[in-house]
K.L.:
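There's a structure below that I have some questions on.
A, B, ... follow the sequence lines: proteins, then strands. Residue 1 opens every chain.
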Amino acid sequence: MSLESRKLLTIVTEAALEHEVTVEIQRLGAHGYTVCDARGKGGRGVRDANWSMSANIRIEIVCPAATAEAIAAALKERYYDNYAMILFLSDVEVLRPDKF
Amino acid sequence: MSLESRKLLTIVTEAALEHEVTVEIQRLGAHGYTVCDARGKGGRGVRDANWSMSANIRIEIVCPAATAEAIAAALKERYYDNYAMILFLSDVEVLRPDKF
Amino acid sequence: MSLESRKLLTIVTEAALEHEVTVEIQRLGAHGYTVCDARGKGGRGVRDANWSMSANIRIEIVCPAATAEAIAAALKERYYDNYAMILFLSDVEVLRPDKF
Amino acid sequence: MPTLDPVVLFFLLGLTAGLLRAELRLPPAIYDFLTVLLLLAIGLKGGVELAAHPFGALLPRMLLVVLAGILLPLAAYPVLRRGGGLARADAASIAAHYGSVSVGTYAVAVAYLGYRAIAFEGYLAVFLVLLEMPAIVVGIVLARGLGRGVQWGAMAHEVLLGKSIVLLMGGLLIGWIGGSEGVAPIAPLFMDLFKGVLALFLLEMGLIAAGQASSLRRHGLFLVVFGVAMPIASAAVGTGMGWVMGLSVGGTTLLATLLASASYIAVPAAMRLSVPEANPALSLAASLGVTFPFNILIGIPLYHRLAEFTQRLGG
Amino acid sequence: MPTLDPVVLFFLLGLTAGLLRAELRLPPAIYDFLTVLLLLAIGLKGGVELAAHPFGALLPRMLLVVLAGILLPLAAYPVLRRGGGLARADAASIAAHYGSVSVGTYAVAVAYLGYRAIAFEGYLAVFLVLLEMPAIVVGIVLARGLGRGVQWGAMAHEVLLGKSIVLLMGGLLIGWIGGSEGVAPIAPLFMDLFKGVLALFLLEMGLIAAGQASSLRRHGLFLVVFGVAMPIASAAVGTGMGWVMGLSVGGTTLLATLLASASYIAVPAAMRLSVPEANPALSLAASLGVTFPFNILIGIPLYHRLAEFTQRLGG
Amino acid sequence: MPTLDPVVLFFLLGLTAGLLRAELRLPPAIYDFLTVLLLLAIGLKGGVELAAHPFGALLPRMLLVVLAGILLPLAAYPVLRRGGGLARADAASIAAHYGSVSVGTYAVAVAYLGYRAIAFEGYLAVFLVLLEMPAIVVGIVLARGLGRGVQWGAMAHEVLLGKSIVLLMGGLLIGWIGGSEGVAPIAPLFMDLFKGVLALFLLEMGLIAAGQASSLRRHGLFLVVFGVAMPIASAAVGTGMGWVMGLSVGGTTLLATLLASASYIAVPAAMRLSVPEANPALSLAASLGVTFPFNILIGIPLYHRLAEFTQRLGG
Ligand SMILES: Nc1ncnc2c1ncn2[C@@H]1O[C@H](COP(=O)(O)O)[C@@H](O)[C@H]1O
Ligand SMILES: Nc1ncnc2c1ncn2[C@@H]1O[C@H](COP(=O)(O)O)[C@@H](O)[C@H]1O
Ligand SMILES: Nc1ncnc2c1ncn2[C@@H]1O[C@H](COP(=O)(O)O)[C@@H](O)[C@H]1O
Ligand code: NA
Ligand code: NA
Ligand code: NA
């Protein structure tokens, strides 16, 4: 079984941004994404998900390194100053490189 | 503290497959698994989790590389053609190698 | 875009521990964390999340390697014997090293 | 009396909101909850009625109904294969959807008759349970042929112990054991709130139906035509059966609606696992995107007229 | 008659539990569900009343209400800028919150009048819908200026197709089409359970309000003063308008409460996306942490006295 | 009058579905919601009754009840240690479960009396609150000894501010302040729907109880015997106390049921955190897998007979 390496970009941010961010990442070349509901704590304090304004989402994108870095740069530029958001990249192996 | 390396296999697929896939991966040697509810978008379109037929799940399995690749191969073989499914592998370190 | 490497510590454990563990990890130096609801199976059997006592949570912490290992050691010491819990570490890259 | 029952207006509200991509969705947990309430309520009602009936007298009718549940999908299959040029698995899966029934549609018909104070034989809820299953088996056989690598055990489990069967059957039994007196204490939740719960359920159904629009556009005209023609044909059969069984106008309307309805709970789940190569987008576009709206907006009043007409002939 | 309505006691229960960090939270899905029920119920009630009214006669009043929804935030803005020394975006966002309305507060006022069997003009629910939107537009213009890089299209969509507008409007339409007779079958859920649902909603609101305490402490006294003074001022305006419109005591109380209330559903969501640099902690601390409790505990009874007083003057 | 109340049939439905591994589960959010509704409803009812009682007169009885809540687990502990050969922590934890109470069991008993129109002293809901806590403290002391590294502060918080206490107490207070008149407007949700909500709750309880079957098989016979014998013994004590307090047949039945019931909400959570080395599978298998079903199927009718019997002796 041949495995090829890709990047996994994980974004944790405010639930209010789900629509906007998923549109943005596709515009920047992501072929797909996965979203989970989340809560947490960070520089902008506790986000306990007790109601929509305090809920987080966790978005994962498997894509080529270049795309991952392009998305990361764009999101940092656009959201870091005003929104609760973190993102991190890691290396993953996939079965269908063409797909991602 | 001694850390040993293992593989983390992450599967994102249709919620309808939860029972079938969790049985299958244990048959193939996984000692455990973790499931989260998810939604997302991919080659088979948007899966918004608004109802059972459009919901995704995200399954994680920590196991030896060999097991991870065996599971990956089996799932690809059995599900890729007919189901919304992706999977990817990454390297992780664990405290109790015997456990995984 | 400059990326620096950090550790991602992932903990899967009983939902009942959410408060205790999140307090503990901050005491040990985590600047933030992300929690998702989860279910799964492991050495302590099936945890199907059908009610609070059988629910799991999945906690992620991005931090320096030293902090990650300190937290891992402390959690192992305190919880492994009596609670359903696993944890694993992986390498990630972040944009704002100072933040984590 | 408004021409459209309020509960149906909730469906239109959800449909419109969905098509306009409004910021509106019910949490999945709530949708599940509403489904559970509807299934139990329908079961309970049927069970209470059943308690007042000699079970034996129903047996022949029950067999007749099961027969219809087997023959209708068998009849639909060639139409889908030849007429629609669909792949074997897709034709089989869609046939199964239309051979089975929709609880939501049944509930709307019950509400429709309720608004108009039209009586009906309450034991029809039993037919709802009976019709849920046979079509699934037929669909799998159509797709797989007999035997060849079908795990009948797993399938039987899947079908007999699916959510809708368990809750409908459970409700039936509890209603049957308790009778109207025994059910009275829980009636405020299961009976009095029935139409309100149905309204919320239809709001969500509208949102989900709107989600089918895109695949409907992609898979084109045939599904639309089939999604309208098939229920009308099935309703005709149902009306005839109602006449044969000597059902009231209300009962005949309800039986016609039952046969005309297409499943979107039990069958999609079963087909997804037992006939993987069938594309769920096709069957859901037809049953949720076309037939469900058609039945609750146009079908039910139509089947009502039909029932009245046959009665006049009969009488 | 207790001095505090039971539903308000549920708010205090939630608030206390929250401040004591008790092990208590309603699942978010339930909170959403309760919100949907309240929005639909209020819309339905309003629609039924509307059905009994000549729409034309309402138009001038509706324009007057929209005018208030535009002018109040414009009046609040300079106060927030100068008085509070707040940044432009924060002042604009808070102004928008107070120019818009709170469904929960309106519901408590309706319950308050209900307990005391005080009649009111049911069509005020229409004002609730009308007041939801203008303040959002005003807030964005205050923050961005006209044109300069505002995506009006996206914003209009955001505002007009937000959850609360869609459900309130939908409820209004369904109630208006169905009339009291058509709504009767769903009344057990939407009308009879209204106060109980409101009680649970307020329990959760108390928990959420308690969550604002910390940011309130951080952002200090000004927000508290503004959060009390602004609703009183708005209520005074509302009372005057009620007098001009010749509303009953109940109607005047309700209109005053509407203007006095600050949004925490539609506006925060819209501001978060359209005015990102505004700190949501500030606006929510004021509207949820100060104004909402003030209105339901002290404000509504106060506005009621005010309405009675003006009526006596009037009469 | 069916021999089994319908609500109990819902438990059997859930239990059967669970044991047959049917495709059935209520969303956790709904289970939480139903629990909240039950706790508040029971509290409200108790509070309304309390409003009609001189509180002072209850104090001695309340002390007696708390005493029972302390002594019963102390009596159970040695039995579990010696008889069951259980580890100290496990024996302590199980003792705590049986010293505390089960809201679901209490609700079923209330429904049982309701069906049979048997009156009872409403203030027994106060005993429910009182019995929730002491056993937890006793359990921790049994496991840890006094002082030695117990964080009493954290524990007190855990116990006093747990979900069930807060909601029961809150309901009691609101019902007590509002009285029957004040609670009337929210009665449609909290009173009229009570038995329906209980039915759904029991459906889920059945599914959860079924989940205990495996660990029950593993941990064998002793738990089954204890899970049946302990409630009978506690019920006997409760019946005696009811007789001493001069309670009615209904009240005595209810008090016996209270003592006979074993906790599965407050205690498991508290023990998990305060006595980590106790295996929750053991205590839950006994309290959920054996005692809960026993009480609602056989126990309550049995305790009812017992109460009637003692009354005849007494009178
Ligand atoms: N060090 C961290 N590890 C894991 N998740 C984090 C961390 N910091 C922040 N987060 C998540 O990212 C969200 C936004 O972070 P922030 O912008 O720092 O408030 C938080 O609510 C957490 O869910
Ligand atoms: N590139 C991607 N990155 C992250 N998740 C993805 C990606 N592609 C697909 N997914 C997830 O996998 C599911 C199935 O993918 P697909 O089979 O391509 O439709 C989607 O619904 C997404 O949740
Ligand atoms: N090999 C594994 N891979 C992924 N998740 C696991 C694995 N083993 C255990 N888990 C998760 O960790 C939880 C506790 O594990 P345990 O303490 O082994 O029962 C389980 O309920 C699973 O959710
Ligand atoms: Na059919
Ligand atoms: Na306002
Ligand atoms: Na007890």
K.L.:
Spell out the residues in residues 82-100 of chain C that have some non-hydrogen atom less than 4.5 Å away from a non-hydrogen atom of chain A, in order of number; otherwise answer 'none'.
P.N.:
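Answer by number: C:Asp91, C:Val92, C:Glu93, C:Val94, C:Leu95, C:Arg96, C:Lys99, C:Phe100.
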K.L.:
Check whether any side-chain heavy atom of A:Glu69 sits under 4.5 Å from a side-chain heavy atom of C:Leu3, and report yes or no.
P.N.:
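Answer yes - side chains close enough.
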K.L.:
When only pairs under 4.5 Å are counted, which of C:His31, C:Glu18, C:Arg6 shares the most heavy-atom pairs with chain A?
P.N.:
C:Glu18
K.L.:
Checking heavy atoms, do the side chain of A:Asp37, its backbone, both or neither come under 4.5 Å from chain C?
P.N.:
backbone
K.L.:
Let me know if C:Ile25 has heavy atoms under 4.5 Å from chain A in its side chain, its backbone, both or neither.
P.N.:
neither
K.L.:
Side chain, backbone, both or neither: which part of C:Val62 has a heavy atom under 4.5 Å from chain A?
P.N.:
side chain
K.L.:
Can you tell me how far CZ of A:Arg58 sits from OG1 of C:Thr34, rounded to the nearest 0.5 angstrom?
P.N.:
8.0 Å
